Each structure stands twice: as structure tokens, then as C-alpha cells.
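As C-alpha cells, the structure follows; a few thoughts come after it.
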Amino acid sequence: MGELKWERGATPTDMFNRLEKKLKSKKLALLTLLATRYAPQAEAWMKMNRPWQDRTSHARQTLHTWVETGSGRVILWLAHGVEYGVNLEYNFAGRYAIIAPTIDLFAPLILDDVRAVLRGP
Amino acid sequence: MAIDDVVRTALMADAAFAALLTGGVYTWNVTGKLFISRDNSATSAAFDANGVLKPCCMVKVRSATPTNTLSDPLPLQGERLALEIWFYQDDGYATIESAKQRAFVLLHEACLENYTLFSNGAPFLRTYTEEDFGGAFLIRADYRAHRINRGG
């Protein structure tokens with residue numbers, strides 16, 4: 001985690017805040033790595049397990065994931081790339097939905113790893 | 001009986017809920033692949049004499065996922081599944097909003113067929129309409145159902 005020196009004149013509160021900041025940035029970097037590792041797996045799983053029959057293959061090919069970080073958060077996005085992706089998700093009571101089932105499968109796995117990261121070595 | 005059918009039975013058994021959703025409560029087991037449709041004889045009650053959709057709902061269950069929060073030397077394993085209730089109304093939200101609230105009273109923290117249900121709230125779907133019903137309004141309420149499977 002690098003060295004944290006007690007500087008002259010620093011109060012215990014200052015030191016605690018600096019330590020907290022360091023810990024947070026390290027954990028966030030680890031969580032970003034974790035999300036980056038899961039993103040391609042989730043994308044591959046979505047493409048393989050889509051519940052619809054391909055016609056043009058555009059819907060399958062444009063399923064994608066990306067990781068966004070900032071403001072102390074790590075977000076793993078799962079998304080459609082076609083305009084009618086919303087219809088696939090919501091029409092017929094979500095009969096052709098793929099996003100939610102992917103979350104069902106991956107969320108427990110990711111959360112287990114997140115717990116391990118937050119717990120530390 | 002599958003959990004979606006159990007929930008359907010529980011909802012239909014409630015007089016207040018049934019009075020609101022005059023079009024009925026459905027599951028995929030009831031509708032088959034035709035879904036709620038004028039062409040589907042199993043869902044004819046969902047439409048009035050003019051073919052306009054009456055307030056109704058569809059109970060849908062997604063696949064179960066194991067929960068790893070239980071750790072026990074005995075062959076026990078937790079299971080969780082997502083349950084979606086899709087409420088449809090031809091025009092406006094008034095009836096299905098009341099039905100959604102009634103469903104919450106009936107289902108949240110209820111124990112049905114070894115499952116305990118918890119509300120997950122409702123995703124924000126109000127900007128979306130079901131085109132296949134001529135732009136019917138919809139609300140979705142999500143629940144999660146937990147149970148412990150006792151292995152062999």
C-alpha cells in the first residue's frame with residue numbers, strides 16, 4: 001500500500017483521513033480490475049445464451065459490456081447495441097430478455113469476489 | 001407446483017386483487033408461447049368484447065441461482081430466484097398501480113411453497129409501453145424468492 005509517514009504537525013484525524021483515502025483508492029483499483037475481468041465473460045455469456053433466434057445477427061453481435069469508474073464507484077454495464085434491444089428486454093413480459101438473466105448468474109459470483117477484495121488478504 | 005403458478009393462485013385467491021385485475025393473472029404455463037393475445041383462447045378473459053385489453057398481469061420467474069451465503073456441513077444449499085410481475089392496463093396506471101400495491105401486501109415476506117418472498121421494488125418502466133397490446137401501459141414489480149434445498 002506504500003508508506004504512510006506521520007508528518008510533523010499532522011493530527012491523528014489527518015492521518016486517519018489520509019489512510020482512508022489510500023485504502024479506498026487501492027480497493028477501487030482492485031474492484032476495477034475485477035469488473036474488467038468479468039466484463040468479457042458476461043458479454044460472451046450473453047451472446048451465447050441469448051433467448052432469441054438470430055435473423056440479422058445484429059442484436060447478438062452488438063451485445064456489449066464496459067466498465068465505468070469515477071466518483072468512488074465501479075459500474076459494470078451490460079447493454080444492447082441495437083435500437084430494438086429495449087423491445088427484446090420488455091416485450092412479451094421480457095420473454096427475450098438477456099440482461100437480467102446475466103445479472104442473475106454473474107451478480108453472486110462478482111459479489112463473492114467483491115467481498116473477498118474488501119475483506120483484504 | 002412451480003413458484004410462478006403458486007403466486008398466481010395466491011393472487012387470484014384474493015378478492016381485492018381479483019376485483020382490480022379483471023383481465024386475470026397469467027403465467028407462461030397458462031398462456032403458452034402465444035402470451036396474452038386475442039388469438040389465444042387461454043387468455044380470452046384478458047380482453048373485452050371490443051378486443052380492448054383489461055387490466056391484467058403476468059407472473060414470470062427467472063432461473064434459480066444458488067446462494068453461497070449458507071455454509072453448513074449438512075447437504076443444504078440456498079436458492080434464490082427472481083420473480084417478475086408485469087401489470088398491463090390499456091390506458092393509464094390507476095388500476096395497475098393499486099394492484100401492484102395490493103400484490104405487495106400479499107407477497108412481501110410471504111411464505112409460499114417453501115419460498116420466502118421479498119419485494120425488490122419496481123423498476124422504472126413508466127416510459128415504456130407494450131407495443132403488442134397497442135401501446136398498453138405497464139408496471140413491473142420484482143420480487144426475489146428464497147428457499148433452502150435439502151440435498152440427498
Side-chain angles (χ1 to χ4, degrees), chain A residues 31 34-35 37-38 41-55 58-59 63 65 75-120, chain B residues 4 8 25-37 40 43 46 56-71 77-88 120 123-142 144-146:
Chain A
L31 292 176
L34 192 67
R37 199 190 77 192
Y38 273 108
Q41 287 182 35
E43 184 174 322
W45 192 87
M46 285 199 295
K47 287 180 174 170
M48 203 185 302
N49 294 284
R50 74 213 177 277
W52 61 83
Q53 182 90 41
D54 277 352
R55 298 291 178 221
H58 289 160
L63 282 167
T65 56
I75 304 172
L76 171 52
W77 292 92
L78 313 176
H80 283 271
V82 289
E83 201 174 292
Y84 55 89
V86 66
N87 304 89
L88 290 169
E89 289 299 314
Y90 296 142
N91 278 20
F92 301 106
R95 183 171 170 187
Y96 299 107
I98 186 63
I99 303 287
T102 309
I103 295 171
D104 287 345
L105 179 72
F106 281 90
L109 302 174
I110 295 173
L111 281 178
D112 274 355
D113 285 353
V114 167
R115 277 190 207 104
V117 164
L118 295 180
R119 212 169 25 236
Chain B
D4 47 353
R8 174 177 180 258
V25 182
Y26 301 94
T27 63
W28 284 112
N29 296 331
V30 175
T31 66
K33 64 179 181 182
L34 290 177
F35 190 55
I36 301 169
S37 160
N40 188 350
T43 62
C56 61
C57 79
M58 176 84 179
V59 181
K60 184 193 155 198
V61 69
R62 303 206 301 257
S63 6
T65 51
T67 55
N68 303 321
T69 49
L70 286 174
S71 169
Q77 193 177 28
E79 166 186 292
R80 180 185 60 197
L81 45 83
L83 198 80
E84 300 168 356
I85 306 180
W86 297 71
F87 297 92
Y88 298 103
N120 267 1
F124 190 75
L125 287 181
R126 287 202 165 196
T127 51
Y128 190 76
T129 52
E130 175 70 81
E131 291 165 17
D132 298 283
F133 295 151
F137 290 72
L138 78 89
I139 296 176
R140 192 178 103 191
D142 285 7
R144 60 186 193 280
H146 293 259

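Lettering follows sequence order; numbering is per chain, from 1. What you are looking at is a predicted structure, and each value in this text was computed from that prediction instead of being measured.
- Taking all atoms of both residues into account, the shortest heavy-atom contact from B/Glu84 to A/Ala93 is OE1-O, 4.1 Å.
- Between the CG atom in A/Asn91 and the CG atom in B/Leu138 there is a gap of 9.0 Å [rounded to 0.5 Å].
- Contact of A/Ala107 with chain B is not made at all, since no heavy-atom distance falls under 4.5 Å.
- Among B/Trp28, B/Phe35, B/Tyr26, B/Tyr88, the single residue meeting the ring-ring contact (aromatic ring centres under 6.0 Å, His included) criterion with A/Phe92 is B/Phe35.
- In terms of heavy-atom proximity, A/Pro101 sits nearest to B/Arg62 at N-NE, 4.2 Å.
- The nearest pair of heavy atoms linking B/Thr65 to A/Asp104 is CG2-O, 3.2 Å.
- Looking at B/Arg140, its side chain never comes within 3.5 Å of a backbone N or O of A/Tyr90 through a donor-acceptor pair.
- Across every non-hydrogen atom of B/Arg80 and A/Pro108, the tightest pair is NH2-CG, 3.6 Å.
- Side-chain contact between A/Arg95 and B/Lys60 is absent, with no heavy-atom pair separated by less than 4.5 Å.
- For A/Trp77, the CH2 atom is loosely surrounded, since the number of other residues' heavy atoms within 6.0 Å does not exceed 12.
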